[in-house]
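Worksheet: the structure to be examined is printed underneath.
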Number of protein chains: 2
Amino acid sequence: MSCENETAVALRDAGQKVTPQRMAILSAVRHAGEHVTATRVIEQIQAAQPYVDPSTIYRTLSSARELGLVSETDMGTRDAEFEWIGKDRHHHLICKSCGTAMSLDNRYLDGLATQLIEELDFEADLGHFAIFGTCAKCRTQNREEN
Amino acid sequence: MSCENETAVALRDAGQKVTPQRMAILSAVRHAGEHVTATRVIEQIQAAQPYVDPSTIYRTLSSARELGLVSETDMGTRDAEFEWIGKDRHHHLICKSCGTAMSLDNRYLDGLATQLIEELDFEADLGHFAIFGTCAKCRTQNREEN
DNA sequence: CTTGCACATGCAACCAGTTGCAGCTACTAT
DNA sequence: ATAGTAGCTGCAACTGGTTGCATGTGCAAG
């Protein structure tokens, strides 16, 4: 099954409609590889189809997030980053000092999820997570300065 | 030392000035007990001092966040929640179904922080964290419906 | 006490993102 | 194939939050 079909099926399963606009928007996120801002998606879509309204793009991204097709994460910059949720779930470590974003494998949070469900009966949705802090490089630099 | 003095000292230590507006704004957050939205702070401040501009409040909250005096968390609602960072650091579990926010003790994330520093040399700043998911009550209800 | 200056404030213009609404379109049932 | 309907789209108005700038103010040095 092609990725276009997968997306279409996911939409229909949720009782939503498959429209050219939605497919273009979701395809842009999917093929971005990395995380993209809504603004970036708008630019990209409007370059090809200028008549697509920004509100449609915001609405589509927002409903796709609710469906679990994409994740929305505040990476510390002004506007939120969207990312296609594929097979390789991962999170981000963001250095507050240099702004670098690193991927963090899912397994680091598995333990936490297990603990929450066992001890508190809370089913955590750890699909998307941004952890702020200081990376190794910046920590070394800070030590040298002091 | 009174809490007012603590706040003032923290500001001055960071090379910032102590003004009546700032003290009023930070005091509102500190004494809110729970988390408060910027909008709520604006209402509260303007009830007493109508001349204080919203932009001042946004700027103050934002710089206080950078100083680590308050935390800013997206609780899933439209606007961010601010909370005074006291001795009892904690996080929030937010149910996507019923919207309830529960406090989560810091110890649940200590393990993760340790793992990150030992394995990846990344010093995580886990001062404020919002974990989305489904609470026990809503999970039970969902099971009954199916 | 006075002076200087960096930081903070209020104002107003601005902008990204949201919402209400009327028309349109994908999907479903017949 | 057709009609009905629920959901989507574009438009335009709106709103919460941000930014630039001129003025005001806290604070430290003299």
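Here is the naming used below: chain letters follow the sequence lines, and residue numbers restart at 1 for every chain.
- With distances taken from any side-chain atom of A:K17 to the nucleotides C:dC11, C:dA6, D:dA6, the minimum falls on D:dA6.
- For D:dG10, the OP1/OP2 oxygens have a side-chain nitrogen or oxygen of A:T56 closer than 4.0 Å.
- In this structure, CG of B:L67 is placed 13 Å from P of C:dC7, rounded to the nearest angstrom.
- Rounded to whole Å, the distance from CG on B:L61 to C1' on C:dT9 is 15 Å.
- The shortest heavy-atom contact between B:W84 and B:V70 is CE3-CG1, 3.8 Å.
- Relative to the side chain of B:Y58, the nucleotides C:dT19, C:dC11, D:dG16 differ in distance, and D:dG16 lies closest.
- Ranking D:dG17, D:dT9, D:dT18 by closeness to the A:T60 side chain, first place goes to D:dT9.
- For B:R65, the CZ atom sits in a packed shell: over 12 heavy atoms of surrounding residues, nucleotides or ligands are nearer than 6.0 Å.
- For B:R12 and D:dG26, a side-chain-to-base donor-acceptor distance below 3.5 Å is absent, hydrogens and geometry of angles not being considered.
- For the pair B:I25 and A:V18, both in contact range of DNA chain C, the more 5′-proximal nearest nucleotide belongs to B:I25.
- In this model, the phosphate group of C:dC7 is not approached by any side-chain N or O of B:Q16 to a distance below 4.0 Å at OP1 or OP2.
- Distance CG (A:L11) to C1' (D:dA6): 15 Å, rounded to an integer number of Å.
- Considering only heavy atoms from C-beta on, A:Y108 stays 4.5 Å or farther from A:H91 through its side chain.
- Note: CZ (B:R65) to P (D:dG17) measures 14 Å, nearest angstrom.
- The nearest pair of heavy atoms linking A:S71 to A:I85 is N-CG1, 3.7 Å.
- Across all strands, B:T19 comes closer than 4.0 Å only to sugar-phosphate atoms, never to a base (heavy-atom distances).
- The side chain of B:Y51 lies closest to C:dG10 when the candidates are C:dG17, C:dG10, D:dT9.
- B:R22 comes within 4.0 angstrom of sugar-phosphate atoms only, judged by non-hydrogen atoms across all strands, and of no base.
- Atom CZ of B:R59 and atom C1' of C:dA12 are 12 Å apart (whole Å).
- Side-chain proximity of B:Q21 to C:dT18, C:dA6, C:dT9: nearest is C:dT9.
- Protein atom CD1 of A:I57 is 14 Å distant from nucleotide atom P of C:dA16, rounded to whole Å.
- Following rounding to the nearest Å, B:I45 (CD1) and C:dT9 (C1') show an atom-to-atom distance of 14 Å.
- One atom, CD of A:Q46, and another, C1' of D:dT9, lie 14 Å apart when rounded to the nearest Å.
- Between the side chain of B:Q46 and the backbone N or O of B:V52, at least one donor-acceptor pair lies under 3.5 Å.
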